[in-house]
Amino acid sequence: MRFFLPLTRFSLPVIAISLALGSCCFAQTPVKAKSPVGQSPITPPPPPKPPALVDPAGPAISLQTSEALFDIAAALNACGYDNGLENSDPIRQHVRDQINQATQQSADARDARDRICFYIDQHRLADSAHDLAQYVSLALYLTPPPDLAPSVDEADMPPDSTQVADIVPLLQKFVQAAQLHVIWVENHPTYDAEVAQLHDPLTKMIVDTNIYLKMPASAYDGRRFLVVLEPMLSPAETNARVYGADYVVVVSPSNGQIPMQQVRHTYLHYEIEPLLYQRAGAIDRMLPFLKVVRDAPLDFIYRSDIVSLVIESMIRAVEARTMSTGITIHQIPANTERVDLERIYREHNADVQKDTAIREQSVGRSMSEGYVLSQYFYDQLVAFEHTPVSLQESIGEMVYGMPVDQELHRAREVHFVEEGSQDVLRRTPIQPRGLDLAELNLSKGDAKTATGLSETALKEHTADPARANFILARASLMTGNIDDAESAFKETVRLSSDPRMLAWSHIYLGRILDVEDKRDDAMLEYKAALTVRDGQPDTKQAAEKGLKNPFALPKREVTEDQDDPPSKNPPPANTQHPQ
């Protein structure tokens, strides 16, 4: 049953040209990758293909079950996975008993069980959470029985799942020999009942969260938020993953409840991440915070990627503002007698102070764990709550208006704890290929490799020719081949339908023409960039600056100009989710 829910610096002369003209790249997903601090940011790889249980025609938000995940969980249980058994709902023990009975009655089932248990034992990881996670990742990419096969090529599967992908043939034999499909069918009504019971609480969480953010339930935009229920797993082990544009949370109920706080945490990522990725260029100025948190007990992603640190800090702040403190704040009745007002006001203010202290304690804990912008966003949210404006409209002001020096001073005063809490959400990395690999090499200054990959893509007709030409143009600038760059930019304009790519091709052409003292022609290119209307402020700023003053090459060592397109807000290629 499925329920739908509401919804490096470089030196002159040659390389300065490419940096002065802009160093752009493309993002295929809202999830952004970055190189180590101090190096040029890299282009995110293409998004992983969606899990098998994702319905392309389905809703953006859903609560469902998965027979493939049930089969994996059943095999783990048959092989000694007892984590959380005492806190699991009765259905888990019932299914385990059925599996035991099936193996006792069939030599083939026992043999299949022993073989799969040997495999699981040989691939066991020291960390039980990671050990389970690899099988959950695999299960999400398996088609339902009877095929029970990977839904994508191995190269497109989550990396942790490939470590145990060889279990699939053994799983197929175990499912058939133990007649797991029959057990699934017999118990599916109980699964449906648990899904139905959780529908309203989950819906309420989503609606309440959207009300606080003053945002409507997300309309379908190619992204999905899925909650997958599997009672055969430990209720204490939540697996939350981002697979490209798909956010998936695998949970197990206990006494009819799921860890709603962790589900909500993932949902906040789902709602807030796109808003901050769109402003990633402006977040560049916050890079000094990464030096402050390098010794904090944070996952590597938060110590190396400023956008991820900002996102998690804001989410922690939202959670502190909306958490249940257990304090009942007594309201002041309208008909209160004057003689009682002072006492009631005193009681009300005492309640408010207790409530506030608990929330600020939560923020302080987040700060001490390394999420050093939590206090700033907490303060911003206090003001946000008193306005009718949505977070989507307010978040820009929060980001652009941050007093970085002041917040850096506050961050440097934080005493970090030795051990922090681990984020429930995990992302799925994937190796870049084709033009994405070309972008990566270009960002590292390897124009030769980027050129070769782009030319190969054009010859083999395997990629977007406009994007390939755009990469070739910037690689030509980097090597000083201005004529080749100009030709490739013009070809990009001819072939592309992407507004941002078109706009920046015109800006590059305008700057080249300015360098060649062809001011009138350059003005036409800047005007053309404005008519494209890609909707990004950096484009408008760069084009208007070009109209106001001719572009001139810098006469000194340079870094990326502030008016160039930020590499963390790149012109997107064929995506609905520009950064």
Side-chain angles (χ1 to χ4, degrees), residues 198 200-217 254-269 271-272 311-395 397-398 401-403 406-407 410-411 413-417 420-421 423-424:
L198 288 166
D200 287 349
L202 187 58
T203 299
K204 183 179 185 303
M205 180 277 288
I206 289 173
V207 171
D208 289 348
T209 302
N210 288 335
I211 288 174
Y212 178 79
L213 301 178
K214 304 170 193 172
M215 294 169 61
S254 179
N255 296 320
Q257 297 182 344
I258 57 175
M260 196 64 74
Q261 182 178 352
Q262 294 183 345
V263 176
R264 183 174 186 262
H265 184 86
T266 307
Y267 184 71
L268 285 170
H269 274 275
E271 287 288 2
I272 291 174
I311 288 170
E312 189 65 21
S313 294
M314 175 173 281
I315 289 174
R316 297 277 182 130
V318 171
E319 290 173 331
R321 289 301 305 162
T322 57
M323 67 185 291
S324 174
T325 63
I327 303 298
T328 300
I329 300 177
H330 295 90
Q331 301 304 312
I332 302 174
N335 58 350
T336 301
E337 297 291 339
R338 181 182 297 273
V339 67
D340 297 324
L341 270 179
E342 182 178 352
R343 175 181 58 81
I344 294 177
Y345 266 116
R346 188 167 57 250
E347 292 174 351
H348 172 81
N349 290 337
D351 292 338
V352 170
Q353 289 175 2
K354 292 177 183 177
D355 180 83
T356 300
I358 294 173
R359 298 185 190 282
E360 290 183 346
Q361 183 180 17
S362 175
V363 175
R365 184 165 57 251
S366 294
M367 295 283 287
S368 66
E369 291 180 357
Y371 304 105
V372 293
L373 290 169
S374 299
Q375 185 68 60
Y376 169 77
F377 286 119
Y378 180 90
D379 296 338
Q380 292 295 306
L381 289 170
V382 173
F384 162 78
E385 292 167 9
H386 293 86
T387 70
V389 182
S390 71
L391 182 66
Q392 185 172 9
E393 299 169 291
S394 302
I395 200 168
E397 184 177 348
M398 294 183 189
M402 179 186 293
Q406 179 179 325
E407 293 303 318
R410 173 154 55 184
E413 298 297 315
V414 175
H415 175 70
F416 297 127
V417 295
S421 57
D423 191 3
V424 67

Does some side-chain heavy atom of [Y] sit less than 4.5 Å from a side-chain heavy atom of [X]?
| X | Y | answer |
| --- | --- | --- |
| Thr322 | Arg264 | yes |
| Thr328 | Asp351 | no |
| Met402 | Phe377 | yes |
| Tyr371 | Val414 | no |
| Met314 | Leu373 | no |
| Arg321 | Gln380 | no |
| Glu271 | Thr209 | no |
| Val372 | Phe416 | yes |

Does atom CD of Gln261 have more than 12 heavy-atom neighbours from other groups under 6.0 Å away? no
Verify the neighbour count for atom CD of Glu385: are there more than 12 heavy atoms of other residues, nucleotides or ligands below 6.0 Å?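 More than 12 heavy atoms, drawn from other residues, nucleotides or ligands, come within 6.0 Å of this atom.
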Output the distance between atom [atom1] ([X]) and atom [atom2] ([Y]), rounded to the nearest 0.5 Å.
| X | Y | atom1 | atom2 | value |
| --- | --- | --- | --- | --- |
| Ile315 | Ile272 | CD1 | CD1 | 5.0 Å |
| Leu202 | Tyr267 | CG | OH | 9.5 Å |
| Ile311 | Leu268 | CD1 | CG | 12.0 Å |

Please list, chain by chain and in numerical order, all residues satisfying side-chain contact (heavy atoms from CB on, under 4.5 Å) with Gln375, sequence neighbours excluded.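 Partners of Gln375 under the side-chain contact (heavy atoms from CB on, under 4.5 Å) test: Val363, Met367, Tyr378, Asp379, Arg410.
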Partners meeting side-chain contact (heavy atoms from CB on, under 4.5 Å) with Ser390 (sequence neighbours left out):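 Lys214, Met215, Gln392, Glu393.
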Is there a donor-acceptor contact under 3.5 Å from the side chain of [X] to the main chain of [Y]?
| X | Y | answer |
| --- | --- | --- |
| Ser362 | Ile358 | no |
| Tyr376 | Met398 | yes |
| Arg359 | Met323 | yes |

For Val389 and Phe384, which heavy atoms make the closest approach, and how far apart are they?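 Closest pair (atom of Val389, atom of Phe384, distance): O-CE1, 3.1 Å.
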Which heavy atom of Ser374 sits nearest to which heavy atom of Ala317, and what is that distance? O-CB, 3.5 Å
Using side-chain hydrogen bond (donor to acceptor under 3.5 Å, both in side chains) as the criterion, list what pairs up with Thr325, not counting sequence neighbours. Asp355
